[in-house]
Amino acid sequence: MLKVSFTFLLLLLNGAAWAQQRCGTVEYMQWLQKEGKIKQTDAQFEQWLEHKKSLQFQQQQSARQQAGPYQIPVVVHVIHNGEPIGVGRNIPDAQILSQINVINKDFQRLNADAGNTPPLFSPVAGSMDIEFVLAQRDPNGLPTTGIVRVNGGQSAWSLSQETTFKALSYWPAEDYLNIWVLNFSGGFIGYAQFPVSTLPGLEEYLDGLAETDGVVVDYQAFGSIDDGSFDLDPNFNKGRTLTHELGHFFGLRHIWGDNLCGTDYIDDTPTQRNETTGCPVHPVSTVCGTPIITMFQNYMDYTDDACMNLYTQGQVTRMELILDDPSVPRRNSLLSSPGLLPPDCGVLDAAIIEKISPGPVTCGANTQLKLKIRNYSCDPITALKLNYSINGSAPLTTIFTGLNLIPNAVAELTLGTVVLTSGLNSLATTITEVNGIPDGRPDNSTLTTNVLVDNTHERIPLRETFDQLTWPVINPTEGTLWTLNPTNFEQSASFRAFDAPDGPNESWLTTPLLDFSTTTTASVFFDLSYAWNGSQNDRLRILVSEDCGNTYQNLSPTPFDKSGLQLANTISTEFWQPIVESDWQLRKFINLSNYAGQEAIRLAFVFTNKNGNNIFLDNIEFFVSEDPHPVDIGDDLYSVYWHSDFEASVTFNLPERNSVRIDVMDVMGRLYISTSAPDILNQTFPIDIGNVAAGIYILRVQIGSKFYATKFFMSR
Ligand SMILES: [Zn+2]
């Protein structure tokens, strides 16, 4: 079992009762480590940095390298709640520009209040040759303002929702500094992700972090009143929250070292007893062994915005070390980001994003071929010419005119009816022309996928124990398939991501077409085993098709979509194979009553292989009830449960579906109750014995052609 600590969240709840805290970076990083998202401790990072510093010192001795100039491409994701642009959480462009202005001035020590740095500290004040620029082109090469506005559909966000709000809008952190601006209810106004080191042996833990890398700032602490009358917190209204958080982003620690008289690993900042709040008057002295004048003006303290005004030279050197090192992920790579270049408008390019229909496993031999197309050009697309070919046959052409597909927009196009053969098919699609001329980037304009035509039928209740693999499996891109592998349940369906030679790609395991038409309630239980390797987030989704496999959707009302740690019952970097029951997540439950009454339901277990570790599925059992806690009778074929003197129920647990008859008779063989049903597997039947007189009776159960009997005494 995984134990996830919620200490940090509790801390946040407590914190929320007080005034807003300036920064949550240290707590955030501790939380990430407890969540298993980072393996490296702070001490290890510092040790690595010391090593690097000594190396750099040697280099400087010989080469006198000059750090910078640096250019950092920035994307600001404004997560609002449906307000018009410029209102409330949907802050105006001018507020964003004022914030970019602040960080450029602060880092370059061109801030208007630099003169407020006391003479005691001005000799160590540092200037960094760095420029933050809003990205000019987006990850697709198209023009952008570097500002993305997304309606997140809620008024405030907490830390536990960070995966959700960051996924609303994210650009690859290798190429962009992601800044999310939203109404943050976590008790503090900003936090950042520290850079990740490449200490030997820790490289494998780097992958999981890209999607959360960047800075989060509350919308009322983002921007400066020096450039406009924005709605900002009076204590944090000069844009220093982002200055501070970017310090963390480039590897700086708080000036008091997050400890009583702790170290920030910087030589030219005074040791400080603890954080400063508000806006004190210089000089302020504290005692750490000896009396010390605190540098509360430092951006890495907690002082109000108006009273901060410097980074030191030591801090600048440390940030430059991080930026200069190509082995630190997602810092050095920013300097050569295509996001810094002008948009790439030279070509007309449409791309095939995905095939919507038919799905990877379908029963349709005649089915609509439907694609999702995206415009990756700077100009609108009005006409497209596409080819498609089935199993290598001569290509058929479809021409679309009268389109109005603006840059970056997505369209769904139906190319025609495709005739597939039973079994495996290969479906090749190509965009050949855009606006009458050849597509400018052919590499994203073709898609070839496998489609399996399968018409096997089954009905529920149903139990699949994978003694043999009879369910359809397919990898739409010809990669590794689900197979059977040995476990403590003999054989289990599994995908071996640990040693799969390909990936990332999707591998599908689907049920036959399942008849749900004889029931008004339905559910499924299954056993799942997956080990997370600490970095590669393999993913399992369970999808459903109600149109014979032409299209697949998330389960309703509750989707099943888990990856990495969420999906796992353990963490292991070794080849994973469950060998005892405790290696499994047993009897996971999904209510399927939404699909009851339909004749052809197909479930798909879709594994996204990120080359992490192995996943196993077994004992997939469908019920015609929606009880999440059905009666468990162990290995018995059936079991009688007396609810009262008048009421009993019989629960079955048969190896396979069978017809069943239940008789209640007296010792003379006179029949009092007789009921029978086909297709019994795991159902429970109530028996009303209210009418019989006191005496001895026999409960006889017939399963298929076999009889079982028990005597019981009815007292009245
Ligand atoms: Zn901080």
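Basis for what follows: all heavy atoms, side chains included, without hydrogens, waters or symmetry-related copies. All ligand and atom numbering here is 1-based and tracks the order in the structure.
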According to ring pair (Phe, Tyr, Trp, His ring centres under 6.0 Å), who are the partners of Tyr311, at least two apart in sequence or on a separate chain?
Phe107, Tyr299
Between Phe194 and His248, how do the two ring planes meet: parallel, tilted or perpendicular, split at 30° and 60°?
perpendicular
Would you please classify the geometry between the Phe184 ring and the Phe188 ring as parallel, tilted or perpendicular, with 30° and 60° separating the classes?
tilted
Under a plain distance cut-off of 3.5 Å, with no hydrogens placed, do Asn298 and Gln315 share a side-chain donor-acceptor pair?
yes
How many N, O or S atoms of the protein are nearer than 2.8 Å to the Zn ion (ligand 1)?
4
Those residues at least two apart in sequence (or on a different chain) that pass ring pair (Phe, Tyr, Trp, His ring centres under 6.0 Å) with Tyr176 are Trp171
Results of salt bridge (Lys or Arg N to Asp or Glu O under 4.0 Å) for Asp227 - residues two or more places apart only
none
